[in-house]
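First listed ligand is number 1; within each ligand, the first listed atom is number 1. What you see is a predicted model, and the numbers here were worked out from it, not measured in a lab.
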Amino acid sequence: MKTEISIQGLTASLSSARQSRKTIGFVPTMGNLHQGHLNLVREARKLCDVVVVSIFVNPIQFGPNEDFDSYPRTLDQDSQLLADVGCDIIFAPSVEQMYGKYPRLTNISVGQITDDLCGAQRLGHFDGVAVVVTKLFNIVQPHFAFFGQKDYQQLAVIKQFVQDLNMPIEIMGVPIARAEDGLALSSRNGYLSAEHRQTAPVIYQSLKTAASNLKQGALLSDVLLQIKNELTQHGFEVDYVEARSPMLQTVEQFDQDIVLFVAAKLGKTRLIDNLQVNFSSSFKI
Ligand code: PAF
């Protein structure tokens, strides 16, 4: 496995793969890897000849009061984990490699589906994601790119701009990896106190109860309120509890496949989770 820190180094490493028409699979990350990320790499390994993982904490997707400076940077540990799951190349550029010395004048803004859910609280966040993912796609030029369904809105936004801009990349959504108690794995779980870590799985439990109540005919509005109340009773500060269609259009009732979304804070840690509830027998983002 190679680690490249420059765009030129990466291009050189990938040139023979391109010449021999090998398929390139790409997993963009911000590092501090957990099983959720490693599952993305495993999926890429199954499908592609060459697997590239980027590790880059992208400054432009963090708001002024967010955790860019304190975001965990654990390259040595990440490299070991990636070697174990068969990654071929790690691309770990510096901020200067990615954004250069000059001000960036181009933005990529995906309308409508970035206006609510996490987009309403994290202004500019999805523009920052869209810009960095587009840059990484242009640098790596993968055939397939793998993203976790934990960041469901991010996955939908990426699918949207890839389709809108005719990018020749297949976007693969990979199911959420969970701890044994159901908590969705996230690098930010490491911020939770021991007590909050015990409480955090209530999010997934309340989503599962909601899904089962919906299937038994409960009203969507009642179910959303029930999740909110349960989280508040357990000490969460709820940011939103919402239901959307698979491509994030608003829904009034459970008469189609939907996704239930939660964002809530425990202390200072903001957790997000979601659950797909299918009305029909197959559901696919
Ligand atoms: O999901 C993440 O880790 C980041 O948002 C991504 C896609 C790597 C872009 O910085």
Side-chain angles (χ1 to χ4, degrees), residues 4-5 7 10 25-41 43-44 51-63 66-75 77-78 81-82 87 89-99 104 107-110 113-114 117-119 121-140 142 144-162 165 167 169-177 184-191 261 263 269-274 285:
E4 298 290 354
I5 54 169
I7 295 171
L10 180 73
F26 178 42
V27 181
T29 80
M30 297 204 301
N32 195 233
L33 305 180
H34 50 66
Q35 284 304 320
H37 298 109
L38 301 180
N39 284 350
L40 304 181
V41 181
E43 288 303 311
V51 176
V52 181
V53 176
S54 65
I55 295 182
F56 178 63
V57 185
N58 173 36
I60 68 164
Q61 71 186 72
F62 288 78
E66 294 185 354
D67 54 347
F68 173 70
D69 288 333
S70 57
Y71 199 87
R73 288 151 170 94
T74 52
L75 185 57
Q77 179 189 308
D78 294 343
L81 291 170
L82 288 172
C87 164
I89 303 174
I90 300 177
F91 177 48
S94 63
V95 172
E96 185 162 66
Q97 272 289 318
M98 288 300 286
Y99 291 109
R104 174 180 55 90
N107 193 30
I108 300 176
S109 199
V110 179
I113 61 171
T114 58
L117 303 176
C118 287
Q121 289 287 319
R122 305 187 70 192
L123 297 180
H125 167 71
F126 288 112
D127 290 12
V129 170
V131 168
V132 81
V133 170
T134 302
K135 285 165 78 75
L136 290 166
F137 282 174
N138 286 335
I139 294 166
V140 178
F144 296 90
F146 298 79
F147 294 87
Q149 289 174 359
K150 154 104 182 353
D151 295 306
Y152 191 104
Q153 189 175 14
Q154 166 173 283
L155 173 60
V157 167
I158 292 167
K159 280 195 171 235
Q160 184 75 45
F161 71 71
V162 162
L165 302 177
M167 295 181 176
I169 300 167
E170 183 142 358
I171 303 301
M172 311 296 287
V174 177
I176 299 176
L185 298 187
S186 162
S187 301
R188 290 190 170 103
N189 292 351
Y191 298 155
F261 290 96
T269 311
R270 186 172 182 275
L271 301 171
I272 59 170
D273 202 348
N274 66 78
I285 177 168

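- Contact atoms of ligand 1 toward Gln61: 4 (C), 5 (O), 9 (C), 10 (O) (distance under 4.0 Å to a heavy atom of the residue).
- Every atom of ligand 1 is numbered from 1 in the order shown, and the set under 4.0 Å from a heavy atom of Val132 is 9 (C), 10 (O).
- In terms of protein heavy atoms, atom 3 (O) of ligand 1 is closest to Met30 CG, 3.6 Å.
- A pairwise comparison of heavy atoms in Ala263 and Ile272 identifies CB-CG2, 3.7 Å as the closest pair.
- Against a heavy-atom cut-off of under 4.0 Å, Thr29 is close to the following atoms of ligand 1: 8 (C).
- The CZ atom of Arg270 lies 6.0 Å from the CD atom of Gln121; values are rounded to the nearest 0.5 Å.
- Residue Gln154 has at least one heavy-atom neighbour below 4.0 Å for each of these atoms of ligand 1: 1 (O), 2 (C), 4 (C), 5 (O), 7 (C).
- Numbered from 1 in the order shown, with element, the atoms of ligand 1 that lie under 4.0 Å from a heavy atom of Pro28 read 8 (C).
- Checked by atom type, the side-chain pair Asn58/Tyr71 shows no donor-acceptor distance below 3.5 Å.
- With a 4.5 Å cut-off on side-chain heavy atoms, Ile60 and Arg104 count as touching.
- To the nearest 0.5 Å, atom NZ of residue Lys150 and atom CG of residue Asn39 are 14.0 Å apart.
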